[in-house]
J.: 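Handing you this structure, nothing more for now.
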2 protein chains.
Amino acid sequence: MSQRGIDLTTSLGYLLKEASSALRTAMEEALRPLGMTITHYSCLELLAQRPGLSNSELARGAFVTRQSMNVLLQALERDGFVTRPEEARVGKVLPTQLTPRGRRSLEKATVAVRAVEDRMLAGLTQEEQSNALIVLRSMVHALRDDNQDVNPADH
Amino acid sequence: MSQRGIDLTTSLGYLLKEASSALRTAMEEALRPLGMTITHYSCLELLAQRPGLSNSELARGAFVTRQSMNVLLQALERDGFVTRPEEARVGKVLPTQLTPRGRRSLEKATVAVRAVEDRMLAGLTQEEQSNALIVLRSMVHALRDDNQDVNPADH
DNA sequence: CAACCTATGTCAGAATACTGACATGAGTCA
DNA sequence: TGACTCATGTCAGTATTCTGACATAGGTTG
């Protein structure tokens, strides 16, 4: 009669959280010697690949609120890792750029993070990895707010 | 010469974080009407499946520190969702039990969480799901602290 | 037995992220 | 043009989690 619980040992949701937690811990340990946090690193990595990203765009890319990213950006700007124009050229958007110092800092972090990711992927075939990519993308898509109960309409 | 960045669009680590973030947001929205947080729910679910778990064991199962779980347990005990003995029968371990009220509260939450998980799994075949389980377990294992560079020695 | 190590529960302070709120700029629509 | 909606940057306060620290219980090892 009463609803049975969710079996944690076979729940994809639980295992997803476990894997994410393990990755987070490993990355924190790898970045700690560099005095860098995960959000800190994510911000620099995003800026390296897509220079000129705004505060809100960086927030979405790093999976935090724009308020959290804002305080981080102010610290990064104060310490000379990034630069932002005084005023917006259009709207209120302030495009952010990496400084040479920010780029150097990111390079060390990338080495450390890549080592963690390589360790995580060890023991998985190329096919398993690409299958995992597909499955994770499907989960992300299915969980979107704007995807409550509509039929699968491909872009 | 210089280390190239990590391509976020094809990085399993980044996608893992994205999926985990999406799941977290969806679960928060589902649990908010019940006045329950994710850690809160995780604690009750763990106790339902393995009654008598200690504070530290619950912390590991919910992927938080034992300090965080401790403050949560004190609140849950104060509000009558769980009970703990005054003194430890052996060592310092205080086995925790769900109260009837805690069990009722959990049942509503399980329904909400199951709906989220079903939505996440929609569009995935049974085979894709079990393959994803295997891949995630492999990642978790590879990231363990006590698994730095030893040869694959099974259990 | 004594020294050591590990695990646990707990308190206190620090760090981090979040919610709420406000003003402003851009696009839409009647 | 004016009203409306939406997104952005930012400030302030709150909440949650973490790190540091301590005392204690149990097992291990010499």
Side-chain angles (χ1 to χ4, degrees), chain A residues 17 20-22 24-29 31-43 46-47 52-79 82-97 145-146, chain B residues 17 20-22 24-29 31-33 35-43 47 52-79 82-97 145-146:
Chain A
K17 186 173 176 181
S20 172
S21 172
R24 187 173 62 91
T25 301
M27 284 185 64
E28 281 172 352
E29 288 174 359
L31 292 174
R32 186 174 329 235
L34 305 175
M36 204 178 295
T37 182
I38 294 182
T39 309
H40 184 147
Y41 158 76
S42 301
C43 178
L46 283 164
L47 283 174
L53 248 41
S54 71
N55 175 37
S56 289
E57 289 167 328
L58 287 168
R60 281 190 289 269
F63 311 110
V64 295
T65 63
R66 67 186 196 276
Q67 291 92 329
S68 298
M69 183 55 72
N70 190 40
V71 308
L72 174 61
L73 274 185
Q74 289 176 356
L76 291 181
E77 193 172 15
R78 167 175 52 79
D79 297 342
V82 304
T83 53
R84 284 193 292 180
E86 292 281 336
E87 293 184 4
R89 297 192 64 256
V90 55
K92 303 188 65 177
V93 177
L94 297 177
T96 312
Q97 301 282 344
D145 278 342
D146 55 321
Chain B
K17 186 173 177 181
S20 172
S21 173
R24 188 173 62 91
T25 300
M27 284 184 65
E28 280 172 353
E29 289 174 358
L31 291 174
R32 189 176 324 236
M36 203 179 295
T37 182
I38 294 183
T39 309
H40 184 146
Y41 159 75
S42 301
C43 178
L47 283 175
L53 283 183
S54 70
N55 174 37
S56 290
E57 289 167 328
L58 287 168
R60 281 190 289 268
F63 311 110
V64 295
T65 62
R66 66 186 196 275
Q67 291 92 329
S68 298
M69 183 55 72
N70 190 39
V71 309
L72 173 62
L73 274 185
Q74 288 176 358
L76 291 180
E77 193 172 15
R78 167 175 52 78
D79 297 342
V82 304
T83 53
R84 284 193 292 180
E86 293 279 337
E87 293 184 6
R89 297 192 64 256
V90 54
K92 304 187 66 178
V93 178
L94 297 177
T96 312
Q97 302 281 345
D145 277 343
D146 55 320

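Convention: sequence-line order gives letters A, B, ...; per-chain numbering from 1.
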J.: For a side-chain contact (heavy atoms from CB on, under 4.5 Å) with L53(B), tell me which candidate from L47(B), V93(B), T96(B) qualifies.
T.: L47(B)
J.: Who pairs with Q67(B) by side chain to side chain contact (heavy atoms under 4.5 Å, CB included), at least two apart in sequence or on another chain?
T.: T65(B)
J.: From CG of L58(B) over to P of dT10(C), roughly how many Å is that when rounded to an integer?
T.: 12 Å
J.: Under the rule for side chain to side chain contact (heavy atoms under 4.5 Å, CB included), what residues qualify as partners of A26(B), not counting sequence neighbours?
T.: L143(A), V116(B), R119(B)
J.: How close do P95(A) and P85(A) get, heavy atom to heavy atom, and via which atoms?
T.: O-CD, 3.1 Å
J.: I need the CG-C1' distance between L73(A) and dC11(D), as an integer number of Å.
T.: 16 Å
J.: Quick one: side chain to side chain contact (heavy atoms under 4.5 Å, CB included) partners of L72(B), sequence neighbours excluded?
T.: T39(B), H40(B), C43(B), M69(B), L76(B)
J.: Which side-chain hydrogen bond (donor to acceptor under 3.5 Å, both in side chains) pairs, counting each pair once, include a residue from residues 55-64 of chain A, with sequence neighbours left out?
T.: S54(A)-E57(A)
J.: Using whole Å, what does the distance between atom C1' of nucleotide dA17(C) and atom CD1 of I38(B) come to?
T.: 14 Å
J.: Give one of base, sugar-phosphate or nothing for R60(A), where a contact means two heavy atoms less than 4.0 Å apart.
T.: sugar-phosphate
J.: Give, for atom CD of E28(B) and atom OG1 of T37(B), the distance between the pair rounded to the nearest 0.5 Å.
T.: 6.5 Å
J.: Tell me the closest heavy-atom pair linking R84(A) and Q74(A), and the distance in Å.
T.: NH2-CG, 4.0 Å
J.: Starting at atom CE of M69(B), determine the distance to atom C1' of dC11(C), rounded to an integer number of angstrom.
T.: 18 Å
J.: If I take atom CE from residue M27(A) and atom CD1 from residue I38(A), how far apart are they, to the nearest 0.5 angstrom?
T.: 5.0 Å
J.: For the helix from dC1(C)-dG30(D) to dA30(C)-dT1(D), what angle lies between the axis at the first five pairs and the axis at the last five pairs, to 10 degrees?
T.: 30°
J.: Atom CG of L53(B) and atom C1' of dG9(C): how far apart are they, to the nearest Å?
T.: 16 Å
J.: Within less than 4.0 Å of OP1 or OP2 of dT10(C), is there a side-chain N or O belonging to N70(B)?
T.: yes
J.: Within the 4.0 Å limit for protein heavy atoms, which parts of nucleotides 17-25 of chain D are touched? Write it as a string from 5' to 3', B for base, S for sugar-phosphate only, - for none.
T.: SBBBB-BBS
J.: Check the distance between dT10(C)'s C1' and E77(B)'s CD and give it to me in whole angstrom.
T.: 13 Å
J.: Send over the distance from R84(B) CZ to dG9(C) P, rounded to a whole Å.
T.: 8 Å
J.: Both Q74(B) and E57(B) contact DNA chain C. Taking the nearest nucleotide for each, which residue is further toward the 5' end?
T.: E57(B)
J.: Answer with base, sugar-phosphate or nothing: what part of the nucleic acid does R89(B) contact at a heavy-atom distance below 4.0 Å?
T.: nothing
